[in-house]
There are 2 protein chains.
Amino acid sequence: MSQLYAETDHAPTLAKPDGVRLGALDEFVGFTLRLAQEASFAAFARRTGEASLRPGRFAILVLIDANPGISQTELSAAAGRDKSTLTPALADLERRGLVERRRAPSDRRSYALTLTDAGREVLRTLSEHAAAHDRQLDALVGEENKAAFLATLRRIVAGLS
Amino acid sequence: MSQLYAETDHAPTLAKPDGVRLGALDEFVGFTLRLAQEASFAAFARRTGEASLRPGRFAILVLIDANPGISQTELSAAAGRDKSTLTPALADLERRGLVERRRAPSDRRSYALTLTDAGREVLRTLSEHAAAHDRQLDALVGEENKAAFLATLRRIVAGLS
DNA sequence: TATTGTTATACTCTATAACTATA
DNA sequence: TATAGTTATAGAGTATAACAATA
């Protein structure tokens with residue numbers, strides 16, 4: 001396992017070339033959960049294609065959109081990354097005209113982050129891809145199973161936190 | 001999203017600090033699937049603790065164990081990584097006495113990889129952690145739901161490949 | 001003194017391309 | 001010529017620590 005139970009920002013897909021055996025992992029929930037998540041990510045990446053932002057950039061847009069005026073420190077906490085990692089990412093997004101940084105009047109050390117119209121447009125396009133992707137997942141899960149499936153996933157999240 | 005649909009080798013956990021909103025993603029199967037996989041990975045990492053190998057190393061042991069005598073090129077294909085990345089990883093595992101590399105008699109360019117007794121022992125310990133982890137997941141999923149849950153995950157894997 | 005954001009530095013994982021030694 | 005494995009180099013993502021500006 002490894003990949004087996006690995007998370008994934010640049011997770012290599014776990015290939016299964018002919019003749020290579022994986023051991024008795026197929027019955028494991030954790031292993032199968034990872035394969036499903038990996039397949040879902042790969043399908044989403046294929047779908048967005050060139051429209052894609054890197055995952056970290058996408059996260060930043062989502063979080064700023066949902067929390068306009070957020071500071072970099074708050075954003076770093078929300079994204080689970082150190083604030084020092086946001087400096088180059090935000091510089092890139094600002095350079096591309098997707099994010100605006102204004103000094104907060106109340107505290108001139110910090111920036112208030114907002115999306116530009118272009119940023120909202122990029123986010124909207126990606127969100128449409130995400131919605132289409134989820135419709136595909138819904139079809140695979142099955143209308144009649146969706147509620148139970150989501151409930152089980154949420155029990156896992158809650159039970160392991 | 002980002003993280004939202006991100007895969008994960010060093011995926012930061014998607015934190016949800018008080019007051020930070022995430023948007024309307026909570027109903028998305030893909031998003032929830034990712035949260036569950038992430039929670040599962042984090043719990044597994046907590047469980048293994050110091051006994052842990054990095055995910056990539058763990059994968060190598062599993063694959064060699066299941067395919068004794070495999071070559072580095074075959075292993076790299078099975079693990080979904082370039083063969084050049086295996087050189088330092090295998091050097092490390094060999095130095096730690098977990099993996100043995102012998103020149104293949106039939107083709108002296110290649111190595112036949114096998115686990116040492118120590119390597120098998122490490123793998124056994126980690127496999128026990130994995131089994132215990134999966135028993136925890138089984139309990140969260142629920143005996144009566146497990147078959148359907150696994151079937152749904154497999155439909156996702158198959159349907160998106 | 002404490003906090004916001006930046007910079008310097010480092011570590012991990014990954015990839016491509018050029019190289020060697022065999023085939 | 002082609003393949004197995006190595007080395008050199010580079011890029012993305014992350015982290016910690018020290019720093020300047022402001023609180």
Side-chain angles (χ1 to χ4, degrees), chain A residues 2-4 6-15 17 38 41-42 45 52-60 64 69-95 99-113, chain B residues 2-4 6-15 17 38 41-42 45 52-60 64 69-95 99-113:
Chain A
S2 110
Q3 312 239 353
L4 313 186
E7 329 147 45
T8 16
D9 239 4
H10 292 91
T13 296
L14 189 58
E38 203 171 74
F41 174 79
S52 178
L53 282 183
R54 304 244 187 65
R57 304 292 152 83
F58 194 2
I60 289 172
I64 295 176
I70 193 174
S71 73
Q72 293 187 196
T73 296
E74 288 165 338
L75 178 59
S76 77
R81 298 191 260 154
D82 190 85
K83 59 188 162 64
S84 70
T85 69
L86 291 184
T87 300
L90 287 169
D92 175 52
L93 290 169
E94 191 177 34
R95 185 186 53 75
V99 163
E100 189 178 26
R101 304 193 315 159
R102 284 165 310 192
R103 285 289 180 188
S106 54
D107 182 344
R108 288 179 27 231
R109 292 173 303 182
S110 72
Y111 288 103
L113 304 170
Chain B
S2 101
Q3 312 239 353
L4 311 185
E7 330 147 45
T8 14
D9 238 7
H10 292 92
T13 296
L14 188 59
E38 204 171 72
F41 175 79
S52 177
L53 283 184
R54 305 243 185 66
R57 305 293 152 85
F58 194 2
I60 289 172
I64 295 176
I70 193 173
S71 73
Q72 294 187 196
T73 297
E74 288 165 339
L75 177 60
S76 78
R81 299 191 261 153
D82 190 85
K83 59 189 162 65
S84 70
T85 68
L86 291 184
T87 299
L90 288 169
D92 175 53
L93 290 170
E94 191 177 32
R95 185 186 53 74
V99 164
E100 188 180 26
R101 303 193 316 158
R102 284 165 310 192
R103 284 291 180 186
S106 55
D107 183 345
R108 286 178 31 228
R109 292 173 303 182
S110 73
Y111 288 103
L113 304 171

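Atom set for the values below is all heavy atoms of this structure, side chains included, hydrogens, waters and symmetry mates excluded. Lettering follows sequence order; numbering is per chain, from 1.
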For [X], what residues pass the side chain to side chain donor-acceptor pair (under 3.5 Å) criterion, not counting sequence neighbours?
X	result
A:Thr73	none
A:Arg95	A:Asp92
B:Arg109	B:Asp107
B:Ser110	none

Provide, to the nearest angstrom, the distance between the [atom1] atom belonging to [X] and the [atom2] atom belonging to [N].
X	N	atom1	atom2	value
A:Arg108	D:dA21	CZ	P	12 Å
A:Arg81	C:dG5	CZ	C1'	15 Å
A:Asp107	C:dT4	CG	C1'	7 Å

Does A:Arg54 make a side-chain N or O approach to OP1 or OP2 of D:dG11 shorter than 4.0 Å? no

Scan nucleotides 5-10 of chain D nucleotide by nucleotide, 5' to 3', and note B when protein non-hydrogen atoms come under 4.0 Å of the base, S if they reach only the sugar-phosphate, - if neither. BBB---

So, using side chain to side chain contact (heavy atoms under 4.5 Å, CB included) as the criterion, who are the partners of A:Thr85 when residues are at least two apart? A:Arg81, A:Asp82

Can you find a pair of side-chain heavy atoms, one from B:Glu100 and one from B:Glu94, that are under 4.5 Å apart? no

